[in-house]
Amino acid sequence: MDKAYDHKSTEDKIYQSWEDAKLMNANNTSQKKQFTIPLPPPNVTGQLHLGHAAMLAIEDTMIRYKKMTGHEVLWVPGTDHAAIATENVVLKHLGMQNREEMSREKFLEECKKFAQEKHDRIVHQIKKMGSWLDWSREAYTFDDERNYAVNTIFKMLYEDGLIVRGHRMINWSVGAQSVLSDDEVEYREVEGGLYHYKYFFTDSPKEYLEVATTRPETIFGDTAVALHPKDKRAKKFVGKKVLVPFSGREIPVIADEHVDLSFGTATLKVTPAHDPNDFEIGERHNLPKLQVIGFDGTMLPITEVPKEFHGKTREHCRVELTKPSQWFVKKVPHTHNIGFCYRSETVVEPMLSPQWFVSVEKEFTDKWTGEKTTLKKLTQDAVRKGDVKIIPERFEKTYFQWIDNLRDWCISRQIWWGHRIPVWYDEKGTIHIPEENIVFLARHGESEWNAKGIMQGSTKEVSLTEKGRAQALKLAHEAKHKKIKKIICSNLDRARETAEIIQKELGIKNLEIWPELHEIDFGHLEGKSIEKTFGRTHVTLMDKITKVKEGTSRESFDHLISRGKGVLEKLAKEKNVLVISHGAMLGVLFALHEEKSGEGFDEFCQGWSIGNAHLRTMRFLKFPEGKKLHQDPDTLDTWFSSALWPFSTLGWPDTESPDYQKFYPTDVLETGWDILFFWVARMIMFGRYATGKYPFHTVYLHGLVCDEKGQKMSKSKGNGIDPIDMIDEFGADAVRLSLVVGTSPENPIPIGKGKISGYRNFVNKLWNAGRFVKMQTSTLSTRVQKSKNPGCKSLADKWILSRLARVSGEIATYLQKYEISAAGDKIYHFVWDEFCDWYIEASKVEPNPEFLKYVFLEILKLVHPLCPFVTETLWKELGSEGFLIEQTVPKIDFEDKKAEKVFEEIQNIVTEIRRVRSEKKLNPKEKLSIQIAGKPDSPMIALIETLAGGKQGSVDTKKAVKIVVGGFEIFIDVPVDEGRIEKEKTALEAHIKGLDARLKNKAYIEKAPRSLVDQTKKELSDAKEKLKKLS
RNA sequence: GGGCGCUUAGCUCAGCUGGCUAGAGCAUCUCGUUUACACCGAGAGGGUCGCGGGUUCGAGUCCCUCAGCGCCCACCA
């Protein structure tokens, strides 16, 4: 063992060994009580930051602890496609101004590629943190299964009338070129201006109303000017008409309560198409809604907008409109809040547009209770009725405040990267939401002929190679959590064998053989080498078909197409099936399914090379017969799919799936409070709506990670820290501890190098304690394999065991309450201050190696959830079998109060002697002569002698320093220092005075609890006793 | 404008339902190359718990006022 712990040489290997042991995979048939955490899926836009690191450290600690207390734990990993964020980054990445520069298909390909790269990196980083995640269940908010869940809930909501399409005032992000929900708009204070304009009356051209606005460019969209009904001018002017500046259009003067008499000129221009409040006014007064700003942020080329502004930006417009003119009066400086897009950082423009909304206040019949309710109410009830508890509690108030103000949720987005709205329109514009089915497909594993590059076509008897069988197993692994109930394969041996391997691996009963799934009949080419026939190894389907035509063909292209169509028709009726077919045939099926033809057909048929052993999915939608339909071009808000995360990852909408049955509802949802509304509240809303159950019972919100000074981390301040750098420098255990210990969900999490290195030191301390234990036990004839208590011998043994028992109990209590920081703090001090500083030292006096090892192994179990790597390493170093996480957290039934008390006295005596030594600046090597009065037993003396560096002997008590601890008086053979005694006496006297005063207070004796009074009395007599002895 | 927090040692923070001669880590100072560990050991100094009031036998802990700081929500053109 090295003198210092080297995390670099251990961490990656250990994580690999956990993965290899497949221990992280949860068992959905287990009888154990389950404990589930859905991992908040990191966005595939970036890399791991400290917020993620905190989340991972906290959740991993919870998961490991639960695992070690006998739960069947499941921590579901995944990533988020982060619609707008990703689309933005990809646009920038490609150097594009807007997405229309590329075809939708091509652009989505780019996004996919980008997302895949980022995904791989972030998964790697998550593993670096030591996260005990079940990677076999890894999900993605934008994969087929999640898409199926999204479409399913969309249909449910639509049919309940809770998803509606409406022409309403929305937030338009010019930067993202999309609508945003109210929550995605960030308001920032901006120093702008209040611009005053003259609106001349039509009937008296010299008279005008002075109107103030912060957005002059919306003037062209004005359809009224409003005064307050109580405004003195109202009587005179309401009903008259004024002219819109610059354009000369006539608009009415109206009276509306909304006008604030104390603001600006108390005269409001009303632009119903570009302001939410004006929209309301417009509704009340039946005003036209005139859109003048386009979705690209430029002025529309319409008659109401003067020609010179057509196609000009808002900014340009504003400059022009504030130049001197007969209408412009002045600009008054004015700070106000402007909405910004939370992703593209551009100004949000209120606009009128037809969009999809989730109605939160509309009544519907809850299918789980049969009662009338609203989504808003269900979301409120979660916390109000206590089904969902939020830690820290104060966020419950924030939660209610948000819900109280909640308005309909705009869910459609005009971006491309996201779940397409599952709505189709026919020629008449009627809405159709089809039923859908997903079928899984895969190619057979490598066959003997594949290995040799021989064309097999419909040749039946060709078996799989070793590699082919391995591929089949890989497919089975992928298919494990896909709820497959039946496998369908072709009648050719290689497909059948593949199917059988998967069938056996997954224990699926049903296997069907569909001969029509067979590979294309290549006639005379079968059995021939591809390379020799074509002169190259890469050939396309059409290459082969063309070649076949030259000789005798037993299957025509037309026949192939009609066979393919037949298969698709049959497949459309299947559910939960896995199809094993052949490369060319699958290509044809996919091409037909996607309605590809001509050149695109052949291109589309690629991608089924034998090395590519992956499941693919095919979706079947059921439309009404004979309708020509087109799908809504919009996509869904990214949070729509996130809202399903706790159950879409567990098999929903298949509520019969074993994962859903075993692990839903989940237990804890842990995340940063900044996404309480975006995400947590919506999961609660949709979870309760879709499953009848709230998706988790506890919400644990951690604070924002900031630097050691409590400052927000930001690029501009340059105080940002990359967790991966920190892991490299200090190790994952140290990073984890610094994010978990000394923090609370109430407050921001401060972190910095200083703190991390502090915990690195702790990890090293633990390592060295382990080194000591190993040295002590390596010579033992019988190696202590199991962590079994071999019995206490010495006083110190009893003391540490009693302490360990107590401390493990306390830690259990903390962890059950999710007070991880307190648990970490406790274990830190127990390990360092008690085990290392005292027990190890004491054990050098009276060694009991087996027992030392036992205690240490128990400590490792206790520390493991917080510090998985170093503890696992030590566990192995000490020759233990298996993995620490398979052990149970210590539950020790032992208490020896007497030993604790005596040992504490020894600690006090030793400390006192050391203090004297330090005060006298004595060399630590020098043995002091001490004399202890008060009947110490010999083990006690031995401990004191060793720990304090003294020797029991006869001392001239008159000249020696005297210290009093408990019932003992200790004389140390060094010159007396009167000042020291005096100081101590003064402090003691003050204490006595305080206690005395308290006890003399009648009210105290009467009102304070009896036990407290007794305690005070004892304290007083002890103090008096000590004072007496000191004198 | 509405709401929620925070203010305890030089720094970052613990102190739960009131019982504290007020704790920790880091930093500071002194001593130390004792065979687990200098990523260490031993010891020390340092706070009238933001201000003012109240409740109480007793307040860092509960209530009120004020001040400073932070955050969330709303959004008056």
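Heavy-atom basis, side chains included; hydrogens, waters and symmetry copies ignored. Each chain gets a letter, A, B and so on, in the order its sequence line appears, and its residues count up from 1.
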Please tell me which of the listed nucleotides, [options], lies nearest to the side chain of [X]?
X       : options             : answer
A:P750  : B:C13, B:A36, B:C75 : B:C13
A:H829  : B:C39, B:G25, B:U21 : B:G25
A:T213  : B:A77, B:C39, B:C71 : B:A77
A:N337  : B:C72, B:U21, B:C75 : B:C75
A:P1009 : B:G19, B:A77, B:U21 : B:G19
A:V259  : B:C75, B:G41, B:A77 : B:A77
A:R394  : B:U30, B:G5, B:U21  : B:G5
A:A1008 : B:A36, B:G19, B:G43 : B:G19
A:R998  : B:A36, B:U21, B:G5  : B:U21

Using a 4.0 Å heavy-atom cut-off across all strands, classify [X] as base, sugar-phosphate, or nothing.
X       : value
A:L704  : nothing
A:F762  : nothing
A:N1001 : sugar-phosphate
A:R407  : sugar-phosphate
A:A266  : base
A:T911  : sugar-phosphate
A:K765  : base
A:Q401  : base
A:S744  : sugar-phosphate

Would you say [N] has OP1 or OP2 under 4.0 Å from some side-chain N or O of [X]?
X       : N     : result
A:N747  : B:A14 : yes
A:R915  : B:G43 : no
A:T1016 : B:G19 : no
A:K844  : B:A36 : yes
A:K920  : B:C31 : no
A:H334  : B:A77 : yes
A:N761  : B:C40 : yes

Measure the distance from [atom1] on [X] to [atom2] on [N] and round it to the nearest whole Å.
X      : N     : atom1 : atom2 : value
A:E396 : B:G5  : CD    : C1'   : 15 Å
A:K927 : B:A42 : NZ    : P     : 17 Å
A:Y197 : B:A77 : OH    : C1'   : 14 Å
A:E912 : B:G43 : CD    : P     : 10 Å
A:E746 : B:C72 : CD    : P     : 17 Å
A:D837 : B:G41 : CG    : C1'   : 8 Å
A:L947 : B:G41 : CG    : C1'   : 13 Å
A:R318 : B:A77 : CZ    : C1'   : 13 Å

Establish whether the base of [N] is bridged to the side chain of [X] by a donor-acceptor pair shorter than 3.5 Å.
X      : N     : value
A:R760 : B:C39 : yes
A:K3   : B:C37 : no
A:N405 : B:C73 : no

Answer yes or no: are there more than 12 heavy-atom neighbours, outside A:K844 itself, under 6.0 Å from its atom NZ? yes
Taking atom CZ of A:R284 as the centre, report whether more than 12 heavy atoms of other residues, nucleotides or ligands fall under 6.0 Å from it. yes
Determine the interatomic distance between [atom1] on [N] and the same-named atom on [M]; round to the nearest Å.
N     : M     : atom1 : answer
B:G15 : B:C73 : P     : 26 Å
B:U8  : B:A24 : C1'   : 13 Å
B:G50 : B:C13 : P     : 15 Å
B:A44 : B:G58 : C1'   : 32 Å
B:G45 : B:U34 : P     : 26 Å
B:G47 : B:C20 : C1'   : 13 Å
B:A67 : B:G53 : C1'   : 15 Å
B:U56 : B:G18 : C1'   : 9 Å

Partner nucleotide of [N] by Watson-Crick or wobble geometry (both distances under 3.5 Å):
N     : result
B:A36 : none
B:U21 : none
B:U55 : none
B:G50 : B:C66
B:C71 : B:G3
B:G41 : B:C31

Partner of A:F263 by ring-ring contact (aromatic ring centres under 6.0 Å, His included), out of A:H258, A:H336, A:H334: A:H334
Could you tell me whether [X] and [Y] make a salt bridge, using a distance below 4.0 angstrom between a side-chain N and a carboxylate O?
X       : Y       : value
A:K774  : A:E877  : yes
A:D1022 : A:K1017 : no
A:E729  : A:K753  : yes

Within the distance-only criterion (no hydrogens, no angle test), does the side chain of A:N405 pair as donor or acceptor with the backbone N or O of A:Q401 below 3.5 angstrom? yes
Parallel, tilted or perpendicular: which describes the rings of A:F328 and A:Y197, with under 30° parallel and over 60° perpendicular? tilted
Can you work out whether A:E841 or A:D833 has the more 5'-proximal nearest nucleotide on RNA chain B? A:D833
Both A:W832 and A:P748 contact RNA chain B. Which one's nearest nucleotide lies toward the 5' end? A:P748
Taking every heavy atom of A:K765 against every heavy atom of A:C836, the minimum-distance pair comes out as CE-CB, 3.6 Å
Test the A:R188-A:F340 pair against the cation-pi criterion, namely NZ or CZ under 6.0 angstrom from the six-membered ring centroid and within 45° of the ring axis. yes
